[in-house]
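Following: one structure in structure tokens, then a few remarks.
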Amino acid sequence: MTSEPTSEGTSEPTSEATSEGTTSHDIPLPDGLARAIAEDWEPAPRMPHPASPSGDPAAGVASYAKNRAQLSAALPGALVVVPAGVAKVRANDTDFAFRASSAFNWLTGETVEGAVLVLAPTGAGSHRASLYVREYAGPGEAGYFTNRRYGALWVGNVPSVVETSEVLGLEVRPLSELAADVRGLGREQVMTLPGLDPLVDDLLPGAAGSASSELLKRTIDELRLVKDEWEISQLQAACDATTRGFTDVVAEIPAVLAAGGRRGERWLEGTFWRRARKEGNDVGYTSIVGAGRHATTLHWWRNDGDLAEGQLLLADMGVEVDSLYTADVTRTMPVSGQWTPAQRQLYVAVLEAQQAGIGEVRAGADFLAAHRAAMWVLADHLHSWGILPVTADVSCGDDVEAPGAGLHRRYTLHGVSHLLGLDVHDCAAARDETYRNGNLAAGCVLTVEPGLYFQPNDLSVPAEWRGIGIRIEDDILVTDGDPVNLSGALPREPDEITAWMRDAQSRPVTP
Ligand code: GLY
Ligand code: MN
């Protein structure tokens with residue numbers, strides 16, 4: 001990155017050029033020079049809207065419009081303000097890549113930083129939707145050459161108000177008019193999501209921690225529990241891209257080993273990330289790439305371990321597509337392409353548990369049914385191997401979630417399912433009665449991801465099993481009939497896994 005000109009010495013504001021509290025040491029731009037540089041420009045080239053590179057209406061427009069209508073019906077009379085959020089500082093004057101808040105994206109399909117959706121109540125009991133987007137400084141405007149955040153020369157010429165309106169199919173207005181417009185609206189019941197955008201927080205003080213903001217969060221997340229056809233198509237696309245990313249990873253294992261395996265986890269993490277960036281927006285969460293005993297660390301995000309023959313590799317990775325829906329998939333595989341008998345024995349137990357769990361996924365079932373079924377299978381195996389002192393039939397007091405007196409939890413560690421959608425752990429603000437203690441409905445998508453983890457320092461398991469971690473995770477669509485495995489293109493049976501590895505390693509990775 002080169003140094004930037006600043007607007008010091010000109011009439012241009014610098015406040016937008018860097019984040020608050022950060023400092024730039026770039027070379028000042030004298031007034032005369034700024035005036036000279038400001039001349040002789042054509043309009044800056046437009047960037048296509050990310051939701052529609054062709055400029056046509058975005059594919060999900062009907063879905064987003066329906067989402068707004070549902071929220072409007074759920075909150076009659078309320079003024080609702082939902083921000084996309086602003087970029088977070090990574091280091092001094094550089095930011096993390098921006099990702100719009102999921103609630104905002106679910107209502108608009110928009111992904112740009114700083115945008116704000118306003119649902120203003122109409123007398124007729126519905127709402128008028130207006131999306132406010134920032135207009136970036138172009139040639140002839142203050143900041144074109146000097147504003148590193150919002151100058152088109154710096155960051156590209158984001159789609160205009162008009163283009164955004166055409167692509168997203170809703171009224172779009174300049175962000176500069178947001179404050180005046182909101183102040184002009186009635187304020188009897190105002191709802192926003194605080195903490196995302198200081199501009200909105202200043203405009204609507206007192207929202208943080210308020211009952212109304214909690215209600216808005218909860219209402220949106222409960223409306224997001226059931227996915228429509230567009231959302232399911234996006235989750236399928238995310239799973240398909242994820243399948244290709246896993247195949248890239250498997251294909252590169254021999255090259256990593258041939259190079260000595262040093263920091264092989266990082267190489268493979270990067271391999272998957274390349275696929276995620278090529279086919280989508282990013283990874284949907286920090287990839288977990290754990291070789292050997294690192295597979296027993298649930299959130300192994302450092303990914304700085306070596307790769308070696310004989311280990312198991314646990315990879316938990318998901319592509320987030322451009323519409324921001326994400327997959328969340330885990331496969332565990334033998335690095336050398338061949339299972340040891342012990343690895344296979346433990347793997348098959350986890351696979352049986354996963355199949356039992358997936359078998360419970362159908363409309364009307366308890367959300368926790370998959371968890372109970374999978375835990376019962378694992379507790380049963382743990383007892384048969386002499387690790388659990390009691391059979392799976394023994395519950396833990398009143399706790400029906402706890403076969404084998406709950407002692408299996410030492411080795412299974414986590415719940416088997418969470419909902420999936422725009423967020424990897426979707427619908428987090430939904431109430432227990434609609435989520436964890438609720439029933440599944442057709443259109444819900446959830447993971448089924450049992451695991452067995454024998455920590456390297458766990459004296460309660462045979463020494464030769466210590467340091468083995470296995471998880472198998474798929475993304476399951478609930479229907480009125482059989483569950484649909486959206487990530488089922490990735491093999492799970494142990495022999496299918498090794499055949500897939502051989503096949504992937506027999507051909508070059510294709511972009
Ligand atoms: N795959 C990451 C998680 O579910 O926590
Ligand atoms: Mn998961």
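Start at 1 and go down the list; that is how both ligands and their atoms are numbered.
Put simply, the angle at the Mn ion (ligand 2) from NE2 in H418 to OE2 in E473 is close to 120°, to the nearest 10°.
With contacts defined as side-chain heavy-atom distances shorter than 4.5 Å, the pair M317/V249 qualifies.
At a 4.0 Å cut-off, at least one heavy atom of D316 sits close enough to ligand 1 to count as contact. Judged by the shortest distance from any of its heavy atoms, E449 lies inside the 4.0 Å radius around the atoms of ligand 1.
Here the side chain of T330 pairs no donor or acceptor atom with the backbone of R471 at under 3.5 angstrom. No side-chain donor-acceptor contact under 3.5 Å links H294 to the backbone of N303. At least one donor-acceptor pair closer than 3.5 Å links the side chain of T479 to the backbone N or O of G481.
Distances from the Mn ion (ligand 2) to each N, O or S atom of D328 single out OD2 as the nearest. In E449, the N, O or S atom that comes nearest to the Mn ion (ligand 2) is OE2.
Which parts of ligand 1 touch E473 is read off a 4.0 Å heavy-atom cut-off, strictly below it: atoms 1 (N). Below 4.0 Å from some heavy atom of H299 lie the following atoms of ligand 1, by number and element: 5 (O).
With values rounded to the nearest 0.5 angstrom, I497 atom CD1 is found 7.0 Å from I472 atom CD1.
More than 12 heavy atoms of other residues, nucleotides or ligands shown are found within 6.0 angstrom of CZ on R431.
Scanning the protein heavy atoms around atom 3 (C) of ligand 1, the nearest turns out to be H425 NE2, 3.1 Å.
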